[in-house]
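Working notes, structure below.
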Amino acid sequence: MAPILEVSAIAKRFGGVVALDGAGFSVDKPGIVALIGPNGAGKTTLFDIICGRQNADSGEVRFMGERVDGLPPFRLSRLGFARSFQECRVLPEATCLENMLFSAQDKTLRSEMAGIFRGRAHNRNTVDKARELLAMVGLERFSNRPASDLSFGQKRLVEIASTLMGAPKVLLLDEPASGVNPTLLNILHDFLLDQAPKMGLLLVVIEHNMEFIMSVAERIVVLHQGRVLEDGPPAAIQASPQVIEAYLS
Ligand SMILES: Nc1ncnc2c1ncn2[C@@H]1O[C@H](COP(=O)(O)OP(=O)(O)OP(=O)(O)O)[C@@H](O)[C@H]1O
């Protein structure tokens with residue numbers, strides 16, 4: 001069977017800056033894969049290319065064997081791609097529940113959302129799912145409160161929980177642990193470890209918090225200067241002299 005996600009020989013330049021220089025990795029089964037590397041290694045650019053926000057100069061992205069590079073983000077989203085961004089993107093005036101429903105992707109869910117705004121919810125499943133996900137990140141009591149009432153870390157949890165509303169198959173999280181306090185980080189840790197296998201989800205996570213990512217990911221891909229430097233289980237990556245040198249240089 002074809003890999004879920006296959007990223008091959010991606011190159012990308014910005015003028016004279018080489019952001020990616022033949023980067024690639026392939027994932028066969030659902031689970032949690034980390035994408036790490038020093039600042040400027042090319043991680044976010046690679047995410048942007050995988051989810052259609054930018055085009056590669058060369059290389060391929062395949063999803064279940066089909067080429068998807070060059071597709072616009074909305075088509076990738078329909079195929080089952082979702083992502084979060086480095087900066088937290090929740091709507092401050094909308095309630096936490098509304099933020100969850102905004103993330104719902106298909107027409108059924110959009111019409112549900114309209115129903116909610118008119119004060120009537122037809123499909124309890126959608127709302128129940130949103131409440132259930134909020135409960136899993138410890139925020140159900142904030143369902144009807146505006147997101148602006150939440151701390152930064154809580155907003156981050158709402159954003160990450162909301163990405164699951166569309167039941168994605170590939171979820172790209174860009175620095176989910178950044179700015180999140182240790183208590184909420186534990187919740188996020190358990191949430192990701194619980195949801196990835198339950199939903200049959202491939203989670204690819206960019207993260208600088210090494211303690212967090214080493215305890216969450218089963219596999220670590222290390223980018224350095226636009227190329228994959230190492231790819232393996234956390235223990236092997238932590239012991240790799242090449243990786244240690246890349247971070248120190
Ligand atoms: N739009 C752009 N225009 C010019 N240069 C860019 C652009 N986007 C990224 N770069 C450059 O490409 C390289 C890779 O950047 P990228 O943001 O992908 O790295 P990163 O690994 O995500 O870094 P960080 O960990 O700091 O977020 C860097 O040298 C960066 O300055």
Side-chain angles (χ1 to χ4, degrees), residues 5-27 32-63 68-73 76 81-90 152-153 155-156 159-160 163 168 170-181 185 188-189 192 202-217 219-232 234 236-238 240-249:
L5 182 67
E6 199 173 5
V7 179
S8 316
I10 301 288
K12 178 75 179 175
R13 277 176 172 271
F14 296 101
V17 177
V18 178
L20 293 168
D21 186 17
F25 62 94
S26 173
V27 191
I32 305 180
V33 176
L35 188 59
I36 69 166
N39 292 119
K43 304 177 295 291
T44 298
T45 306
L46 193 55
F47 258 29
D48 283 347
I49 289 168
I50 294 170
C51 73
R53 231 175 149 224
Q54 295 194 48
N55 289 321
D57 297 336
S58 59
E60 287 185 4
V61 181
R62 288 179 185 268
F63 172 60
V68 294
D69 47 279
L71 291 183
L76 286 162
F81 283 72
R83 83 170 280 184
S84 76
F85 292 86
Q86 260 175 38
E87 69 284 1
C88 192
R89 294 187 172 188
V90 292
F152 177 83
K155 284 185 197 132
R156 179 74 90 185
E159 185 194 24
I160 292 169
T163 58
V170 177
L171 174 58
L172 309 172
L173 297 180
D174 199 344
E175 296 197 39
S178 169
V180 178
N181 74 40
L185 215 48
L188 177 63
H189 175 277
L192 298 181
L202 168 58
L203 199 52
V204 187
V205 186
I206 294 178
E207 192 47 71
H208 285 290
N209 182 332
M210 288 303 143
E211 196 185 337
F212 176 79
I213 202 62
M214 292 293 168
S215 69
V216 159
R219 175 177 160 196
I220 315 271
V221 177
V222 186
L223 266 190
H224 182 46
Q225 297 176 344
R227 294 181 200 175
V228 172
L229 183 69
E230 287 272 16
D231 183 345
I237 296 300
Q238 278 171 302
S240 161
Q242 287 198 89
V243 174
I244 293 165
E245 195 181 322
Y247 271 92
L248 294 177
S249 64

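First listed ligand is number 1; within each ligand, the first listed atom is number 1. Computed from a prediction, not measured in an experiment: that's the story for all the values here.
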task: Identify whether NZ of Lys or CZ of Arg in Arg83 sits under 6.0 Å from the centre of the six-membered ring of Phe85 and within 45° of that ring's axis.
output: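 The answer is yes, since Arg83 meets both limits relative to Phe85.
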Are any of the side-chain heavy atoms of [X] and [Y] separated by less than 4.5 Å?
| X | Y | answer |
| --- | --- | --- |
| Val27 | Val204 | no |
| Ile49 | Val7 | no |
| His208 | Asn39 | yes |
| Leu192 | Ile160 | yes |

For each nitrogen or oxygen atom of ligand 1, which protein N/O atoms lie closer than 3.5 Å, and how far apart are they, rounded to 0.1 Å?
{"from": "ligand 1", "atom 1": "18 (O)", "to": "Thr45", "atom 2": "N", "distance (Å)": "2.9"}
{"from": "ligand 1", "atom 1": "18 (O)", "to": "Thr45", "atom 2": "OG1", "distance (Å)": "2.5"}
{"from": "ligand 1", "atom 1": "19 (O)", "to": "Gly42", "atom 2": "N", "distance (Å)": "3.2"}
{"from": "ligand 1", "atom 1": "21 (O)", "to": "Ala41", "atom 2": "N", "distance (Å)": "3.1"}
{"from": "ligand 1", "atom 1": "21 (O)", "to": "Gly42", "atom 2": "N", "distance (Å)": "2.9"}
{"from": "ligand 1", "atom 1": "21 (O)", "to": "Lys43", "atom 2": "N", "distance (Å)": "3.0"}
{"from": "ligand 1", "atom 1": "21 (O)", "to": "Lys43", "atom 2": "NZ", "distance (Å)": "2.8"}
{"from": "ligand 1", "atom 1": "22 (O)", "to": "Thr44", "atom 2": "N", "distance (Å)": "2.9"}
{"from": "ligand 1", "atom 1": "22 (O)", "to": "Thr44", "atom 2": "OG1", "distance (Å)": "3.0"}
{"from": "ligand 1", "atom 1": "23 (O)", "to": "Gly40", "atom 2": "N", "distance (Å)": "2.9"}
{"from": "ligand 1", "atom 1": "25 (O)", "to": "Asn39", "atom 2": "ND2", "distance (Å)": "3.4"}
{"from": "ligand 1", "atom 1": "25 (O)", "to": "Lys43", "atom 2": "NZ", "distance (Å)": "2.8"}
{"from": "ligand 1", "atom 1": "25 (O)", "to": "His208", "atom 2": "NE2", "distance (Å)": "2.9"}
{"from": "ligand 1", "atom 1": "26 (O)", "to": "Asn39", "atom 2": "ND2", "distance (Å)": "2.9"}
{"from": "ligand 1", "atom 1": "27 (O)", "to": "Gln86", "atom 2": "NE2", "distance (Å)": "3.3"}

- request: Test Asp21 against every option in Arg227, Arg13, Lys12, Gln225 by the side chain to side chain donor-acceptor pair (under 3.5 Å) rule and name the one that passes.
  value: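 With Asp21 as partner, Arg227, Arg13, Lys12, Gln225 yield a single side chain to side chain donor-acceptor pair (under 3.5 Å), made by Arg227.
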